[in-house]
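What follows is a set of notes on a single structure, which appears directly below.
Predicted model only: the values in this text are computed from it and were never measured.
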Amino acid sequence: MSSDNSETTYRFAPHPSAGFILGLRIPQLAGLIVAGALALASLRAGGFGALALAITVAGLVSSVVIVPVRGQTLDQWAPVVVRFLMGRRQSRFRAQAALVGHVVRLPSGDLDPQPVGPPHDRPSELADLELLECELSAYDRALLGVAKDRRAGTYTAAIRVQCRAFELLSPEERQQRLEEYGGVLAALARDDSPLRRISWVERALPGDPDALGGYLLGAKRDDASLDDPPYELVSYLRLIGRAGHVAEEHELLFALQIDARRPAARRPVARLGGGDLGAMAVLAGEVGRLIELLDGAGITPTGVLTRRGLAVAIRDGYDPWGRRQRHRDQDPAVEYGAAPHNAAPTARDEHWSHLRADGALHCTLWVAEWPRIDVRAVFLQPLLMRADTTRSVAVCMELVGPARAIRKAERAMTEAATEDSLRGRIGQRTSQRQRQREHAAARQEAELAQGHANVRYSAFVTVSVPDTGADARDELEAAVSRVDLQAKAAPLRLERMWGQQALGFTFGLPLCRGLK
């Protein structure tokens, strides 16, 4: 981070892709050792043929473990390809909920009214999710929706927020907001925290074109009759008629996740009743703390997502263009939502490069490189504000406690010094990228000593287009290209999540997914 007379600028560290030794990962080292052994064994046979065989073996193995293809080496692609091929049975999902039916358990005695169990049928990436609900006693017993991941043992809640246009603030105000937001992260990064992750999701979703006209008719003057409308009203209605198909809504969500298996969470969960009730009580306390911190940082929470709110947030992600009909079918007196068993898509097909779900095509990309040059605090505006495409931008963060962060930073500095010494002994040149990584490690250690929080993060962008027919694939590729150009203006480098589209799509939902 640097500061001049106008505005503070920031520079991100290189992606932490350093290897085990000399920049090589353990599979790469093993591959090179095996290649060397095979080459030596070939040379022992003697002759020109043995020499050619040794060179061929060394070249093939080196290309597999060293030469990158679309940002990854072949040994990194191998598990992705194997998982994709082995999961082909699960790549095509068709919901059977309509055939399963609702379930009512009848008692053996009197036929008293019993609760009805809705049908559950979800694709593999959502199979372990269970949507629960609890109350926030500190906020007039407001209902809080909770997404439980049975396999991971996590509980996630989401908050809907609003904030002022960041780009319109003065440099001094922007700097103050950033410091306040950093204070939020630092307050949540505790060594004894049950928190596992925090994420924010900004989505540009198709809006309801009728809503613009409805708002205009509701806000017009009382003397502006539709029987003899004034010229201004006619002009506005014509403008809305032309712009209705591009109407969009922006939605900003903060999601918070606790890990019930952490030692820091097990004790309070057991003290508050244990099981789901205890975990949700702990999560509710953390949500209340986050609401207070965000409010103090100038980010206004406008409500928590209930169980129905979480369900519709997931469904709107899979089927953005169906939300217009869902809005119209919704009772105006009730908060917009959907039944939990309707959260999943009814049809989903996973392909190597994209995902088809209900009436939309989706493509998920991850931010492979963050800015390597000095950027201002508004560097993400080209991606976030030029939303001429239906898309979501999600950043998932793991807040590392101070003690653990300091240990990791000191270990990174020790490893960097050891590698630098080893390169000097064998005469290997230290590249500028390696120098930047060493400087980033030293800067991180200094920032931790000053009290800053350490955050491990990853970001994802999901692009969506309506599945209107044979040209939908071309429209998707065009939309991906537009978003990629907007990301380059940030500047960010996006990489498509080849062979992982179904799982990667969930990284853009308020579920705090996207990190190991």
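Ionic pairing of Arg151 and Asp128 is present here: one or more N-O contacts between side-chain nitrogen and carboxylate oxygen are shorter than 4.0 angstrom. Salt-bridge check for Glu398 with Arg197: failed, with every basic side-chain N at 4.0 Å or more from each acidic carboxylate O. The residues Asp329 and Arg324 are annotated as not salt-bridged, no charged nitrogen and carboxylate oxygen being separated by less than 4.0 angstrom. Using a 4.0 Å cut-off between a side-chain N of Lys or Arg and a carboxylate O of Asp or Glu, Glu475 and Arg473 do not qualify as a salt bridge. At a threshold of 4.0 Å, the pair Arg356-Glu350 does not count as salt-bridged, since none of the basic side-chain nitrogens sits closer than that to a carboxylate oxygen. Arg496 has a carboxylate O that lies under 4.0 Å from a charged side-chain N of Glu477, or vice versa, which qualifies the two as a salt bridge. A salt bridge links Asp484 with Lys488: the closest approach of a Lys/Arg side-chain nitrogen to an acidic carboxylate oxygen falls below 4.0 angstrom. Between Arg150 and Glu130 a salt bridge is recorded (basic side-chain N to carboxylate O distance below 4.0 Å). Checked for salt-bridge contact, Asp358 and Arg315 meet the test: a charged N lies under 4.0 Å from a carboxylate O. Ion pairing of Arg308 with Glu133 is absent here, as no side-chain N (NZ or NE/NH1/NH2) approaches a carboxylate O to less than 4.0 Å.
Residues Thr156 and Pro510 come closest through the heavy atom pair CG2-O, 3.9 Å. Closest non-hydrogen pair, Cys512 versus Leu256, comes out as SG-N, 4.0 Å. Nearest heavy-atom pair, Ala260 versus Tyr155, reported as atom, atom and distance to 0.1 Å: CB-CE1, 3.8 Å. Residues Ser193 and Arg262 approach most closely at O-NH1, 3.6 Å, considering heavy atoms. Considering every non-hydrogen atom in both Pro371 and Pro491, the closest pair reads CG-O, 3.3 Å. Residues Gly514 and Cys396 approach most closely at N-SG, 4.4 Å, considering heavy atoms.
For Gln162, the CD atom sits in a loose shell: 12 or fewer heavy atoms of surrounding residues, nucleotides or ligands are nearer than 6.0 Å.
Judged purely by atom type and a 3.5 angstrom limit, Gln257 uses its side chain to pair as donor or acceptor with the backbone of Leu511. The closest donor-acceptor contact from the side chain of Arg174 to the backbone of Leu169 lies under 3.5 Å. Checked by atom type and distance alone, the side chain of Thr302 pairs as donor or acceptor with a backbone atom of Arg160 at under 3.5 Å. The closest donor-acceptor contact from the side chain of Arg307 to the backbone of Leu143 lies at 3.5 Å or more, if one exists at all. In this structure, Gln175 contributes its side chain and Glu172 its backbone to no donor-acceptor pair below 3.5 Å. Checked by atom type and distance alone, the side chain of Arg326 never pairs as donor or acceptor with a backbone atom of Ala338 at under 3.5 Å.
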Applying side chain to side chain contact (heavy atoms under 4.5 Å, CB included), run through Val287 and Leu144 and close with a yes or a no.
-> CA-CA 9 Å; Val287 168; Leu144 174 68; 4.2 Å; yes

Any chance you could lay out the salt bridge (Lys or Arg N to Asp or Glu O under 4.0 Å) test for Arg177 and Glu179, step after step, and finish with the verdict?
-> CA-CA 5 Å; Arg177 290 292 179 86; Glu179 292 176 355; over 6 Å; no

Please report the C-alpha distance between Met397 and Leu515 in whole Å, then the side-chain angles of each, then the deciding distance to 0.1 Å, and finally whether the side chain to side chain contact (heavy atoms under 4.5 Å, CB included) criterion is met.
-> CA-CA 8 Å; Met397 298 169 283; Leu515 289 171; 5.7 Å; no

Going through the checks in order, is the side chain to side chain contact (heavy atoms under 4.5 Å, CB included) test met by Val393 and Leu384?
-> CA-CA 8 Å; Val393 179; Leu384 295 178; 4.0 Å; yes

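Under the 6.0 Å cut-off for aromatic ring centres, Trp200 and Tyr181 do not qualify, their centroids lying 6.0 Å or more apart. A centroid separation of 6.0 Å or more is found between the aromatic rings of Phe505 and Phe460.
For the side-chain hydrogen bond (donor to acceptor under 3.5 Å, both in side chains) test with Glu125, the passing option among Arg348, Gln501, Gln90 is Arg348; the others fail. Applying the side chain to side chain contact (heavy atoms under 4.5 Å, CB included) test between Val161 and each of Asp295, Leu290, Ile299 identifies Ile299 as the sole match. Each of Thr462, Val463, Leu509 was evaluated against Ser392; a single residue qualifies, Thr462, per the side chain to side chain contact (heavy atoms under 4.5 Å, CB included) test.
His362 and Ser464 form a side-chain donor-acceptor contact under 3.5 Å, judged by distance and modelled atom types alone. Thr389 and Arg482 are linked by a side-chain donor-acceptor pair at a separation below 3.5 angstrom, with hydrogens and angles left out of the test.
For Gln176, the side chain to side chain donor-acceptor pair (under 3.5 Å) test picks out Glu180, with sequence neighbours left out.
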